[in-house]
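Read through the structure below, which is laid out as structure tokens, and then see the notes.
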Number of protein chains: 2
Amino acid sequence: MTKMSVDEIKKHLGDHGVKASLPRVKIYEYLNTHRTHPTVDEIFNALSDELITLSKTTVYNTLDLFVKHHLAVQVLIEDNEARYDADTSHHGHFKCTKCQTVYDFDFDLSSTSIPTLEGHRLDDYHTYIRGVCKKCLENIH
Amino acid sequence: MTKMSVDEIKKHLGDHGVKASLPRVKIYEYLNTHRTHPTVDEIFNALSDELITLSKTTVYNTLDLFVKHHLAVQVLIEDNEARYDADTSHHGHFKCTKCQTVYDFDFDLSSTSIPTLEGHRLDDYHTYIRGVCKKCLENIH
DNA sequence: TATTAATTTGTAACAATTACAAATTTGAAA
DNA sequence: TTTCAAATTTGTAATTGTTACAAATTAATA
């Protein structure tokens with residue numbers, strides 16, 4: 001949540017088995033400081049000015065790598081966009097269908113007992129809600 | 001859950017503000033009797049023998065219409081496939097990443113108190129888990 | 001420094017979905 | 001009935017997000 005230094009990011013990646021590189025550090029840094037659940041496009045557009053040779057494929061590859069190594073989670077709310085979140089703690093996502101903002105909310109599905117799933121191995125938990133956020137509700141005069 | 005007659009389906013669609021037509025009834029019937037959370041492709045392939053002029057666009061349109069009128073829900077678990085479910089009651093989905101089966105599980109997120117979302121209007125609730133199902137766990141000898 | 005491995009890049013392919021206009025069907029009014 | 005308008009379906013083409021893949025670059029090792 002707090003801004004991490006480059007060295008802290010390098011160490012964090014390393015701790016998760018990911019070797020640091022400029023694109024990786026920059027992408028992680030962007031994800032970590034922009035807790036807005038950005039899409040691949042947003043990340044690519046934000047970084048391509050600074051990393052002038054950055055390829056969108058690299059963004060895809062790197063995000064896949066992050067997800068695989070639990071440095072980030074993929075957030076699916078709409079069928080046409082994958083979003084990413086550096087916050088890997090268990091929580092839910094609420095998307096306002098008016099302003100498109102994705103909010104976090106406190107909810108840990110993994111700590112809920114689900115008898116129906118007894119015997120299965122549960123790997124990753126996802127919870128999301130769509131609706132209209134407070135701000136947009138109030139703006140409808 | 002129990003198999004519906006064509007007349008029952010027609011009435012059900014009508015009750016939700018959707019006029020009946022052959023493709024609509026057939027698509028609904030397929031969804032209702034195949035609680036396997038099929039993709040657009042599966043539905044199209046299953047029906048195109050009988051409805052020989054059926055277009056994939058119609059399947060897309062019809063499913064969108066069903067979702068809009070709460071006759072079905074869209075199930076997103078992977079970023080490359082939208083699935084559909086005629087069971088509109090609140091429940092969760094568990095996908096086995098080995099055999100690809102999508103299981104239902106009893107869980108009603110809408111009845112859970114989420115203080116963080118106070119003030120927002122919540123429209124639709126989604127819960128899914130990925131993992132490896134019992135059957136696949138046992139098959140790994 | 002030379003060689004190999006890992007990473008990044010760019011292009012092309014791919015797959016799911018949507019746009020859209022033409023064709024067909026339906027339903028109501030004449 | 002027949003006619004006309006509206007709704008629905010269809011097929012094609014476009015679009016979008018993602019992936020495959022091989023070449024180029026960079027990093028690591030001998």
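In what follows, chains are A, B, ... by sequence order, proteins preceding strands, each numbered from 1.
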Answer yes if the side chains of A/Ser5 and A/Asp7 hold a donor-acceptor pair under 3.5 Å, and no otherwise.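 No - no donor-acceptor pair under 3.5 Å links their side chains.
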Does anyone know the first and last nucleotide of DNA chain D in reach of chain B, 5' to 3', at under 4.0 angstrom to a heavy atom? D/dA7 to D/dT12
Categorize B/Lys56 for me: base, sugar-phosphate, or nothing, with a 4.0 angstrom heavy-atom threshold over every strand shown. nothing
Classify B/Thr53 by what it touches in the nucleic acid, base, sugar-phosphate, or nothing, heavy-atom distance under 4.0 Å. sugar-phosphate
Between [X] ([atom1]) and [N] ([atom2]), how many Å, whole number?
{"X": "B/Glu78", "N": "C/dA16", "atom1": "CD", "atom2": "P", "value": "13 Å"}
{"X": "B/Asn45", "N": "C/dA16", "atom1": "CG", "atom2": "P", "value": "11 Å"}
{"X": "B/Tyr84", "N": "C/dT17", "atom1": "OH", "atom2": "P", "value": "6 Å"}
{"X": "A/Asp79", "N": "C/dA15", "atom1": "CG", "atom2": "P", "value": "18 Å"}
{"X": "B/Gln74", "N": "C/dA16", "atom1": "CD", "atom2": "P", "value": "14 Å"}
{"X": "A/Asn61", "N": "C/dT11", "atom1": "CG", "atom2": "P", "value": "16 Å"}

Taking only the side-chain nitrogens and oxygens of B/Tyr60, find out if one of them lies under 4.0 Å from OP1 or OP2 of C/dT17. yes
A/Glu29 and salt bridge (charged side-chain N to carboxylate O under 4.0 Å, His left out): which partner among A/Lys3, A/Arg24, A/Lys10?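 Single salt bridge (charged side-chain N to carboxylate O under 4.0 Å, His left out) partner of A/Glu29 among A/Lys3, A/Arg24, A/Lys10: A/Lys3.
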Ignoring hydrogens and angles, answer whether the base of C/dT25 and the side-chain atoms of B/Ser21 contain a donor-acceptor pair closer than 3.5 Å. no
Kindly write out the residues that satisfy ring-ring contact (aromatic ring centres under 6.0 Å, His included) with B/His90, not counting sequence neighbours, or none if the list is empty. B/Tyr125
Look at the side chain of B/His12 and the backbone N and O of B/Glu8, then say whether any donor-acceptor pair between them is shorter than 3.5 Å.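 Not a single qualifying donor-acceptor pair exists.
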Contact nearer the 5' end of DNA chain C, comparing B/Lys19 with A/Ser55: A/Ser55
Can you pull the salt bridge (Lys or Arg N to Asp or Glu O under 4.0 Å) pairs that have at least one residue in residues 101-116 of chain A, sequence neighbours excluded?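 Output for this query is empty, none listed.
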Along DNA chain D (nearest heavy atom to each residue), the more 5'-positioned of B/Thr62 and B/Asn80: B/Thr62
Give a yes or no on whether a salt bridge exists between B/Asp85 and B/Arg83, defined as a side-chain N under 4.0 angstrom from a carboxylate O.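 The answer is no: the pair does not qualify as a salt bridge.
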Can A/Asp124 and B/Arg130 be counted as an ion pair, charged N to O under 4.0 angstrom?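 Yes.
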